[in-house]
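Below is one structure, written out as structure tokens; the observations come after it.
The structure displayed is predicted, hence computed values, not measured ones.
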Amino acid sequence: MIGRRHHLVIDAADPQAAAAFWSVVLGEPVTYDDGDFVVVSANDETSGMAFQRALGQPAPTWPDPSVPQQMHVDVMVEDVAAAGARVIDLGARHLQDDVYADPAGHPFCLIRRPRWAPPLDPG
């Protein structure tokens, strides 16, 4: 092993808005915010997702490749349809099938929890 994952860092024009969205989707708090860099993780000693201010960041145009998706997150859920409705209420856009875009335009997929994963807390 050379290293260990720290954060998935995602460029965003508004890192606070991106972090607020993903905080609710993943059920994890915002654990750090310096104005330009915001972290969502289980606690302040755990790796997670980070959002870094990038003014003028173009929103991906998936599935049109004219602006690449830049990254995407797979989110495991118990009920894809119910989760889809909840993320739309939070400001996501439905793109196609089980693919959505967060408020900054980054694509993400809702996937049914695999059998090997423990059940998710409905909280």
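- Following chains of ILVMFWY side-chain contacts shorter than 4.5 Å, one cannot reach V80 starting from V99, and the two form parts of different hydrophobic clusters.
- The closest side-chain donor-acceptor pair between Q52 and D36, if any, does not fall under 3.5 angstrom.
- Within the 3.5 Å criterion, the main-chain N or O of S47 finds no donor-acceptor partner in the side chain of H7.
- V40 and A19 make their closest contact through CG2-O, 3.5 Å (heavy atoms, listed as atom of the first residue, atom of the second, distance).
- Here the straight-line distance linking atom CG of D33 with atom CD of Q16 works out to 4.5 Å at 0.5 Å rounding.
- R113 places a side-chain N or O within donor-acceptor distance of the main-chain N or O of A117, the cut-off being under 3.5 Å.
- Closest non-hydrogen pair, P68 versus P60, comes out as O-CB, 3.5 Å.
- Atom OG1 of T31 sits about 10.5 Å away from atom CD of E45, to the nearest 0.5 Å.
- Looking only at side-chain heavy atoms (C-beta outward), I111 and V77 stay at 4.5 Å or farther from each other.
- Distance alone, capped at 3.5 Å, is enough to place a donor-acceptor pair between the R112 side chain and the E78 backbone.
- Minimum heavy-atom separation, S41 to N43: OG-O, 2.7 Å.
- Cluster membership for V67 and V73, using ILVMFWY side-chain heavy atoms within less than 4.5 angstrom, is not shared.
- At least one donor-acceptor pair closer than 3.5 Å links the side chain of D64 to the backbone N or O of S66.
- F21 and V39 sit in two unconnected hydrophobic clusters of ILVMFWY residues. Membership requires side-chain heavy atoms under 4.5 Å apart, directly or through other members.
- Across A59 and A104, no two heavy atoms sit closer than the pair CB-O, 3.7 Å.
- Considering CZ of F108 and CH2 of W22, their distance stands at 4.5 Å, rounded to 0.5 Å.
- A side-chain donor-acceptor contact under 3.5 Å links S23 to the backbone of E28.
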task: Take R93 and I88 through the test side-chain contact (heavy atoms from CB on, under 4.5 Å) and record every step on the way to the result.
output: CA-CA 6 Å; R93 287 181 298 116; I88 286 173; over 6 Å; no

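- No continuous path of hydrophobic side-chain contacts links L110 to W62 [ILVMFWY only; heavy atoms under 4.5 Å].
- Hydrophobic clustering (side-chain heavy atoms under 4.5 Å, transitive across Ile, Leu, Val, Met, Phe, Trp, Tyr) keeps L8 apart from Y32.
- Closest non-hydrogen pair, P15 versus G35, comes out as CG-O, 4.1 Å.
- The line from NE2 of H106 to CG of D11 is 7.0 Å long, rounded to the nearest 0.5 Å.
- Applying side-chain contact (heavy atoms from CB on, under 4.5 Å) to M49 and the options I10, V25, V9 leaves one that passes, I10.
- At distances below 3.5 Å, at least one donor-acceptor pair connects side-chain atoms of R53 with backbone N or O atoms of A13.
- Between atom CZ of residue F51 and atom CZ of residue F37 there is a gap of 10.0 Å, rounded to the nearest 0.5 Å.
- Taken from OG1 in T61 to CG in L95, the straight-line distance is 10.0 Å, to the nearest 0.5 Å.
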